[in-house]
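Every number for a ligand or one of its atoms is a count from 1 in the order of the listing. All residue numbers in this chain count up from 1 along the given sequence.
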Amino acid sequence: LIPAAELESYRLHPALAQYARHVNPAFVELLNVLGYGRLYQRALDVWVWDHRGNRYLDCLAGFGTVNLGHNHPRLVSRLESFLKSEALNHFHVGPSPYMAEVAARLARDGLEMALFCSSGAEAVEAGMKLAQAATRRNKLVYCSGGYHGTSLGTLGVMGDPRKRDAFGLPNGRNIEVPFGDIAALREALSRRDAAGFVVEPIQGEGGVRLPPAGYLEQAQALCRRYGTLLVLDEVQTGIGRTGSLFAFEKDGFVPDVLALAKALGGGIATIGVALTGRALHRKAYGSMDRFDWHSSTFGGNSLSCVAAIETLRILEEENLVANAAARGAELIEGLRKRLSGHPFVKDIRGRGLLVGIEIGPTDATWLGRAAPAAVSLVSRKLFGHWVSLKLLERGIVCQPAALRWDVLKVEPPLTIRQEEIALFVDAVADIFAEYCDLPSLLGDAAKRLARLA
Ligand SMILES: Cc1ncc(COP(=O)(O)O)c(C=O)c1O
């Protein structure tokens, strides 16, 4: 446990002040108010260290970016040798053998072609653009609770009004449907004017929400019937996170577009890609006057592609996808065993190493029954961050989902071992054991906030 006095001193680090002055003052202020403020400086595998040398177990993994673990030695040495080899990185006037190899390694039946970029939002946008170009329609259907990035294009399919509504978006024409509701989707698509249905197989930032069994398969069938492309956003679920290389492989269908990014660069390089089928690619970009409609200076640069190739090799040779499935099952089982029946644990769910703990008073608590609206508001704003903070003080980095602060999202690197899963489960169980009623939790939170203020 990090002593409270030491915690205070983290707030004074000059780099934090400089970041506040020149990058994002509100973020630093929020971190300090909540007590997260510290500077992380070094990382290896599942561990990160702050500037005072304190070690933390990383159960956030850069929001699902560091699937290989931090600074995987094999990836680092491959990138070192690439940089020393005088290879071309940015060139642009001829085909890149590195892009070709990444595309070939990722290709599946129906997903043979690749559009390269550098981030998750760009990969989803590449899918949205391709859908529009291939169908000659411009409307998009998306899900409430969906998160696809914060670029202007992806904000048009942002399933959270707090993040979306401040911007003058073309999303007046887009249609939001509840996630997992096949009847609502049918209704939206049956107008036959939607270019794409943009959806995650499991909503990550929306609170680790899994759709009902068969939803995506039925959604794909509806898309085919009404001439809409299914754009599957696996930016967070892809690259082994859910216990298969891609989440859709467990669901018995192939999307029209598959968006990938984050972990594809091995937690070091930035790379995104949208995969699609040959016929759709031809329709959208297959002529001389359209071949350059998707382009990006950094997209598919050689260094990032080399990182992606080595990442895919490491995943396979070190059996990390199977490890994600096995450790994820242990994590869910351990959490359920230790937390089931707790008055503030509403649900524990997930697949592979993408796991959510939904926190908030269940109907079993008297407050949950007496003032459900007020309690639900407090729990949505406070509980996830409170548990995160308590975990941080026990040397574990973990955060609530971006759109659901009442859901603690657990997504460690896929290299995590049994003993580290046990360490996490013990820490969460200890924290919940301290808080079996709302007054004790609120009292503690108020004391902490008062001290920091
Ligand atoms: C499912 C999903 N799609 C897209 C994005 C956006 O990715 P990026 O932040 O790289 O633009 C994210 C980021 O968290 C995501 O989780």
Got more than 12 heavy atoms from elsewhere within 6.0 Å of CD, E316? no

Contacting atoms of ligand 1, where contact means under 4.0 angstrom from a heavy atom of E200: 1 (C)

Residues R209 and E200 bridged, charged N to O under 4.0 Å: no

Under a 4.0 Å threshold between the charged nitrogen and the carboxylate oxygen, would R105 count as salt-bridged to E101? yes

If we only count N/O pairs under 3.5 Å, is D233 in contact with ligand 1? yes

In this structure, are over 12 heavy atoms from other groups packed under 6.0 Å from K163 atom NZ? yes

Which atoms of ligand 1 have any heavy atom of G149 under 4.0 Å away? 4 (C), 5 (C), 6 (C)

Taking the non-hydrogen atoms of Y147, is any one of them nearer than 4.0 angstrom to ligand 1? yes

Could D45 and R417 be called an ion pair, given the rule that one side-chain N must be under 4.0 Å from one carboxylate O? yes

Looking at ligand 1, does any of its N/O atoms fall within less than 3.5 Å of an N/O of A121? yes

Is it the case that ligand 1 has an N or O less than 3.5 angstrom from some N or O of G120? yes

Nitrogen or oxygen atoms of Q236 and ligand 1 under 3.5 Å apart: yes

Do the two ring centres, one from F63 and one from Y147, sit under 6.0 Å apart? no

Could you check whether atom 9 (O) of ligand 1 has a protein contact, counting only heavy atoms that fall below 4.0 angstrom? no

Ligand 1-proximal atoms of K262, by part, heavy-atom distance under 4.0 Å: side chain

Using a strict 4.0 Å threshold on nitrogen-to-oxygen distance, state whether D256 and K283 make a salt bridge. no

